[in-house]
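Residue numbers start from 1 in every chain, and the chains themselves are labelled A, B, ... in the order their sequence lines are given, proteins ahead of strands.
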Amino acid sequence: MLPTHQRPPNTPSTHPPRTLTRRSILALGAGSAAALAGCSSPFDDTTRGGGRVLEFTTFYTGPDGALMQTIVDRYNSSQDDVVVRFTAPAYGGDYLTKILTASLAGAPPAILALHSYEIPPLRRFLHTIDFNDLGFSQDDFVDGTWQLATIDGRQYGVTMSTGPAALGYNRALFEKAGLDPDRPPTTGAEFVAAAQALKKSGPWGFIRETGTFNPWLTLNWQAGGDLIDAGSRALFAEPPGIQAGQFERDLVHRYHVEPAQLAGPQLGALFRNQKVGMVFTFPWVLSQLLKTNAQQGTQLDVAPLPQFFGGPRSVVATSHIYCIPKQRKNDAWIQAEAQKFIAWLVREGSVDWAGAQAPASRAAAAAIARSNDPVVRKMALFIDEAKHARFAPYAYRWNQAFQYLNDALDDVVYQGADVAAELRRAAARATESMREPK
Amino acid sequence: MTALAHRRRARRLATAAALVFAILWGLPLLWTLSSSFEGSTTPGSRLLPSDPTLANWEMLVDPGGRAVNIFIAFFNSTVVAVVSTVLALLVCSMAGYALAKLPFRGNAAVLGLLLATMLIPGEVVLVPLFQQFRELGLLNTYGALALPHIVSLLGVVLVRQFIVNLPPDLIDAARSDGANAWQIYRYVVVPLIRPALTTLGILVFLGSWNDFLWPLISTSSPSMQTLPLALVTFRSAYGDVDYGVVMASAALAITPPLLVFLFAQRFIIAGISNTGLKG
C-alpha cells in the first residue's frame, strides 16, 4: 500500500481511479501544437500579407537599414500586388549562413543583397537577369558598377549602389593646425604634411580602423599592385604591397602622427570627438557625420581620397547588388515580382538611397546633386569617386586568407614589425589557404 | 600551528583567491551596467559614469527605426523560453519515464540511438530543420522558435537516468495499489524527480534564451527577432556611435539568464552529477 502522501488525491480506495486516456492525451498534445504553430508575434503586422509577401533580406544593419525601410514602405503603398518585407538580420558570416541555409532548403528570400565577391560562390542559387526584362541597359549604370554581378557573361544581379572610400577630415582642426580646410590633401606628401601639422596642434593626424586591410588595399592599388593573381596567389609581398605597408608603418613609427595603440575602441567616436583630424570614411557614415555637425557644432567634412602613389587612381569600395534566388515553389511568380521591385528601386528609390550609399543609377546623379537634403547632396562626392572604385575579389576561402593579411598589417602598423617579412609570411599562408582541393 | 589553524588559514586563502576571481569575472559585467548609464560619448573605461543618464535605456524603446524595440525582442525571447521550458519538462520527463520504467521492445536500441544522436552537431541539421518547418508553414512563428528546444535529447537522458535511480519499491507499491502508468508517472515519479526537472528547466531556458543561429535562420521579420538577434542589430546600428546604448541592450539581455543561473546553479551541478552512469 502506498504512503498517504503518494496516493492519488481524492481517490478513496473504494472508487476506481480516474484515468487520462491515451486519446485525451493525444488530443491535448495536438491542440497545444496547433495553438503554438499558429501563434505569431502580436507585434508582427506583416505576416498576414495574404500569401503575397516578398522577403527582401539585406545586411543593412546600420542606419542605412532605416532608410531602406522607408523606401520599401513607399513601394508597398504605391501598389497592391505584393507586400515587400524588408529585414536586415545580420552582417558578414551570420548573414551568409542564413542565406545559404534557406537557399539549400529551396526557400530563400525573394530578393537578397550581396557584395560582389559573394556572388560567385552563390551563383548556382541565383537566377540570371536580363536587363531588358527590367527595362534597363548597361548605360543606365555608372561605369564599372553593372559588371560587378557579371560572371562568364551572365548577369546575376543588379547593382543598386557602391560604397567607395573617401577622406573624412575635420575642418576646424585643420584651421587650428594652420591648414586650409578648403584644400584637403590630394597627394601622399600633402597627407603626411597635414597629419604632422595636426599632430603638432594637438589631436592625432590620422587613425586607421584596426583589424582591416582597407587603408593598405587602396595604397597597394594606387602603387600599381593587386591582391591576388588569376591563379589565386596572394600578391601582398610584391613591391607595391610593401610600399603600401611601409607607408602605413611610417605614419606610426616614423612620423608619429598615428597612435601605436588605440586608447578607445571606436574610430568613429574618436573622429566625432575631435581626437583625430583625418580618417578613411564611407558613404554610410555620412549622415552621422552631418548629424554630429548639427548637434555638436563640429565641422566634419569629406573629400576624395588622396592619390598616395604614382599608380592608377584607385579607391577601395564595397558593393550592394540585389539578386533573385531560385525558389522551389512559386518561383516564376516570385521572380517576376522581384524583378518589378528591383526595377522600381533603381528608378524611384536611388535618390532617397543616396542618403546612405552611392547609387549606381546614372539617371539619379543629377537629382542627387540638386537635392535639398544635405546628406544626399554630399553623396555626389562618393558617386563621383565610384568610377575609380575597385573591389575585393572572390577567391576560394578568401575569408580565411585575408585574415592573415589583417594580422600582418596589425603587427606592422602597431608593433613596428618588418613589413616585407610580415607580408611575405601572410602571402604564403594566404596562398596556401586559397589552394582549391583537386 | 595546529591542524585547525592550518585549515582555517587554508580556508581564508581559498576565500581570498575566490574573491579575487569573482571581482575579475564581475568587472566586465559591472562595466557593462555602468556604461549603460554613461551619457558621455568620450570612450573610457570608468567604472562610474561621468555623465549619468537614462537616455540610453530610453533609446532601447525607441531606437529611431535603426533597430527593433528591444522590449519586443525581450517579449519574444520570454515567450519562447517559457513555452520551451514548460513543454520540454513535460515531453522529456514522459520520454525519460518511458525509457526507464516502461518495458517495450527496442527500449535499449532507442536509448542507444538517442545517445548517438547527441553526438550530431546542431549545425548539421539546420537545413533539414529549415525545410521541415517550411513545409509545415511554421517559419517566422513562435512554433519554429520553440519546438527545436522542446525535444531535448540531453533532457530525456538526464531524466531517464534520474528515474532509473529511484527505489523500485515505490513504483512496485503503486502498481500493486492499482495505479496505471500515467498515475505512477504523475503521482509517484514526478514529485521525486523535481531536482532533475529543475536542472532540465534551467538548461532549456538558458539554451532557448541564448539561441542565436536558429532564430536568425527561421525568422524573417524584425518584430519576431529574439534578444540575441536584436543585440546584433543594436551593435551594428550604434556600435560606432554610442556604445552606451549597446551596453544597455547587453545589460538587459544578460540579466534574466544571469539571475536564473545565480539562483539555481546548485541544482544544475547537483542534477548533472546525479545522472552519473548508473543503470
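- When the ring-ring contact (aromatic ring centres under 6.0 Å, His included) test is applied to Tyr60(A), the partners found at least two apart in sequence or on another chain are His320(A), Trp353(A).
- Interface remark: Phe212(B) contributes side-chain atoms only to the contact with chain A (heavy atom separation under 4.5 Å).
- For Thr101(A), the parts lying near chain B are the backbone and the side chain together; criterion is any non-hydrogen pair under 4.5 Å.
- Looking at Leu213(B), only its side chain comes within 4.5 Å of chain A, counting heavy atoms on both sides.
- With Lys98(A) contributing its side chain and Ser218(B) its backbone, the two residues share no donor-acceptor pair below 3.5 Å.
- Taking the ring-ring contact (aromatic ring centres under 6.0 Å, His included) definition, one finds that Phe130(B) meets it with nothing, sequence neighbours left out.
- For the pair Gln225(B) and Pro89(A), the tightest heavy-atom approach, listed with the atom from each and the gap, is NE2-CA, 4.3 Å.
- In this structure, chain B has no heavy atom under 4.5 Å from any part of Asp64(A).
- Of all non-hydrogen atoms in Val232(B) and Ala90(A), the two that sit nearest each other are CG1-CA, 4.4 Å.
- The shortest distance between side-chain heavy atoms of Met224(B) and Thr87(A) does not fall below 4.5 Å.
- Between atom OG of residue Ser221(B) and atom CZ of residue Arg85(A) there is a gap of 5.0 Å, rounded to the nearest 0.5 Å.
- Ion pairing of Glu135(B) with Lys329(A) is present here, as a side-chain N (NZ or NE/NH1/NH2) and a carboxylate O approach within less than 4.0 Å.
- Within residues 102-112 of chain A, the residues having any heavy atom closer than 4.5 Å to a heavy atom of chain B are Ala102(A), Leu104(A), Ala105(A), Ala107(A), listed by residue number.
- Under the ring-ring contact (aromatic ring centres under 6.0 Å, His included) criterion, Phe86(A) pairs with Phe56(A), sequence neighbours left out.
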